[in-house]
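Numbers restart at 1 for each chain; the letters A, B, ... are given by sequence-line order, proteins then strands.
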Number of protein chains: 2
Amino acid sequence: MGRGKCFGQGGWHGKFHGRGYRMTAGREAVINVLSSTKEHLSADEIFIRARKLNPDIGLTTVYRTLERLSIMGEIHRLDPGDKRARFELAESEKGHHHHLVCTKCNRIIDYDDFIDDEVKLLSETEKKLSKKYDFKINNHLIQFYGECKECAE
Amino acid sequence: MGRGKCFGQGGWHGKFHGRGYRMTAGREAVINVLSSTKEHLSADEIFIRARKLNPDIGLTTVYRTLERLSIMGEIHRLDPGDKRARFELAESEKGHHHHLVCTKCNRIIDYDDFIDDEVKLLSETEKKLSKKYDFKINNHLIQFYGECKECAE
DNA sequence: ATATGTGCAAAACATTTGCAGTGGT
DNA sequence: ACCACTGCAAATGTTTTGCACATAT
């Protein structure tokens, strides 16, 4: 998106501005938190870390920023078994991967092994399903559930 | 509850009894609700329907029954974007399928087309992942997100 | 200038829990 | 008779909302 020299790192300013939204200190803090970790953080955990970067930020802003980013397709929202949503930067930022979810401790492990075959099959399936169900597919979620090695009994 | 001489339909009585749990009127109502629909109902929706079968049932019992059934592996818990969990009988009861989730209206469409290729690839992947991450995989969730035809703009 | 973004406190919401009583085995 | 199960009401924890003010463009 060649739009000159003066927009912030990662083009975030442009991503917001281009859609009629504004880049603010609060949003920057949330994005920096998400950019600097591989963990899958909840809104509250993001809030705690973001406050270190910008002590003025409120939890409400974190929620609203996450919603905005989610609508923009820049983050993915994960809903594991426990009832707090978790968030990660979308694939365009971090590389495509799928998840192993531990049903005991709720840990989420990313994997990107064997992804190529999966993605190939999935995109064929997407095509067929789109046609058959007249459904516009934007995204997919692949998760395996089980017990991680720490939780194995 | 007249269950005749042996164990009730579907062997539910036996499934509970065999694990040291009891079959009760409340549980029967919840199971009958789940058995008689293809929809993905929330706890509250199950409660409303179960109350028609058994007016004495309480919402708490619905939640506790769903948790029990989930632990027993008899139902799957789905966590779509909105924040209420939804439930469906496990594959052993209903046939294996995957999901299309509409991000506008939260409708969930089951599909079982093209499932064979998917399942084949998935079970190979499961094997490799289990070994590599020392993770005991019990289940998987495949969902495509997008817009259903009613919501297409 | 102006509409978008914000923090705060209160509300909304699904889900869980404590407890005393009920009921399956 | 025993202990799992129950409903109720209250508690919990997350996410949302109303509002007056602040701020990016």
Side-chain angles (χ1 to χ4, degrees), chain A residues 3-4 6-8 12-31 40-48 50-51 53-72 75 77-87 106, chain B residues 1-8 12-31 40-48 50-51 53-72 77-87 106:
Chain A
R3 73 121 82 65
C6 47
F7 292 95
W12 284 106
H13 188 285
K15 282 178 183 168
F16 280 101
H17 191 252
R19 308 190 207 203
Y21 305 127
R22 295 170 185 172
M23 185 48 134
T24 65
R27 288 175 175 174
E28 189 179 13
V30 170
I31 289 167
H40 305 85
L41 303 176
S42 67
D44 193 60
E45 291 165 338
I46 292 168
F47 172 55
I48 290 169
R51 211 166 27 179
L53 304 177
N54 178 349
D56 292 334
I57 197 173
L59 179 56
T60 307
T61 292
V62 173
Y63 275 107
R64 286 193 274 228
T65 298
L66 292 170
E67 193 196 357
R68 176 98 293 142
L69 288 168
S70 186
I71 291 171
M72 291 165 71
I75 61 175
R77 177 202 188 91
L78 308 175
D79 294 274
D82 65 343
K83 65 184 181 186
R84 40 216 288 242
R86 295 175 170 278
F87 301 86
N106 291 307
Chain B
M1 109 187 45
R3 118 170 69 74
K5 51 199 167 206
C6 46
F7 294 95
W12 284 106
H13 187 284
K15 281 178 183 168
F16 280 102
H17 192 251
R19 308 190 205 202
Y21 305 128
R22 295 169 182 173
M23 185 46 134
T24 65
R27 287 175 176 175
E28 188 181 15
V30 170
I31 289 167
H40 305 85
L41 303 176
S42 66
D44 192 62
E45 291 165 337
I46 292 168
F47 172 55
I48 290 169
R51 210 163 31 177
L53 304 176
N54 178 347
D56 292 335
I57 197 173
L59 179 56
T60 307
T61 292
V62 172
Y63 274 106
R64 286 194 273 229
T65 298
L66 291 171
E67 193 196 358
R68 175 100 295 140
L69 287 168
S70 187
I71 291 172
M72 291 164 70
R77 177 201 189 92
L78 308 174
D79 294 274
D82 65 344
K83 66 182 178 186
R84 42 218 287 244
R86 296 177 169 276
F87 302 86
N106 290 307

If the cut-off is 4.0 Å, is [X] near the phosphate of [N], judged by side-chain N/O to OP1 or OP2?
{"X": "H17(A)", "N": "dA24(D)", "value": "no"}
{"X": "Y21(A)", "N": "dT4(C)", "value": "no"}
{"X": "Y63(B)", "N": "dT16(C)", "value": "no"}
{"X": "T24(A)", "N": "dT6(C)", "value": "yes"}

Whole-Å distance separating the [atom1] atom of [X] from the [atom2] atom of [N]:
{"X": "K83(A)", "N": "dT16(D)", "atom1": "NZ", "atom2": "C1'", "result": "15 Å"}
{"X": "H13(A)", "N": "dT23(D)", "atom1": "NE2", "atom2": "C1'", "result": "13 Å"}
{"X": "R64(B)", "N": "dC5(D)", "atom1": "CZ", "atom2": "P", "result": "10 Å"}
{"X": "D79(B)", "N": "dT15(D)", "atom1": "CG", "atom2": "C1'", "result": "15 Å"}
{"X": "D82(A)", "N": "dG13(D)", "atom1": "CG", "atom2": "P", "result": "13 Å"}
{"X": "E67(B)", "N": "dT16(C)", "atom1": "CD", "atom2": "C1'", "result": "9 Å"}
{"X": "F47(A)", "N": "dT16(D)", "atom1": "CZ", "atom2": "P", "result": "15 Å"}
{"X": "I31(B)", "N": "dC5(D)", "atom1": "CD1", "atom2": "P", "result": "12 Å"}

Among [options], the nucleotide that comes nearest once only the side chain of [X] is considered:
{"X": "R22(B)", "options": "dG23(C), dT25(D), dT15(D)", "answer": "dG23(C)"}
{"X": "T65(A)", "options": "dT6(C), dT15(D), dT17(C)", "answer": "dT6(C)"}
{"X": "R68(B)", "options": "dT6(C), dT25(C), dC5(D)", "answer": "dC5(D)"}

Legend entry - Gap between atom CD of E45(B) and atom CZ of R84(B) - 0.5 Å precision: 5.0 Å

Inset, instruction - Map D56(B) and G20(B) onto DNA chain D by nearest heavy atom, then report which one ends up closer to the 5' terminus. - result: G20(B)

Inset, instruction - Find which nucleotide of DNA chain D each of T60(B) and F16(B) is nearest to by heavy atoms, and output the residue with the more 5' nucleotide. - result: F16(B)

Legend entry - Any donor-acceptor N/O pair, R19(A) side chain to M72(A) backbone, under 3.5 Å: yes

Inset, instruction - Kindly say whether R22(A) contributes a backbone atom to a donor-acceptor pair with the side chain of R27(A) at under 3.5 angstrom? - result: yes

Inset, instruction - Let me see the working for M23(A) and I31(A) under side-chain contact (heavy atoms from CB on, under 4.5 Å), right down to the final yes or no. - result: CA-CA 11 Å; M23(A) 185 48 134; I31(A) 289 167; 4.1 Å; yes

Legend entry - N/O donor-acceptor pair, side chain R84(A) with base dT14(D), under 3.5 angstrom: no

Inset, instruction - Would you mind classifying the nucleic acid contact of D44(A) as base, sugar-phosphate or nothing, using non-hydrogen atoms under 4.0 angstrom? - result: nothing

Legend entry - Candidate list L59(A), L66(A), I57(A), T65(A), test side chain to side chain contact (heavy atoms under 4.5 Å, CB included), partner I46(A), passing option: L66(A)

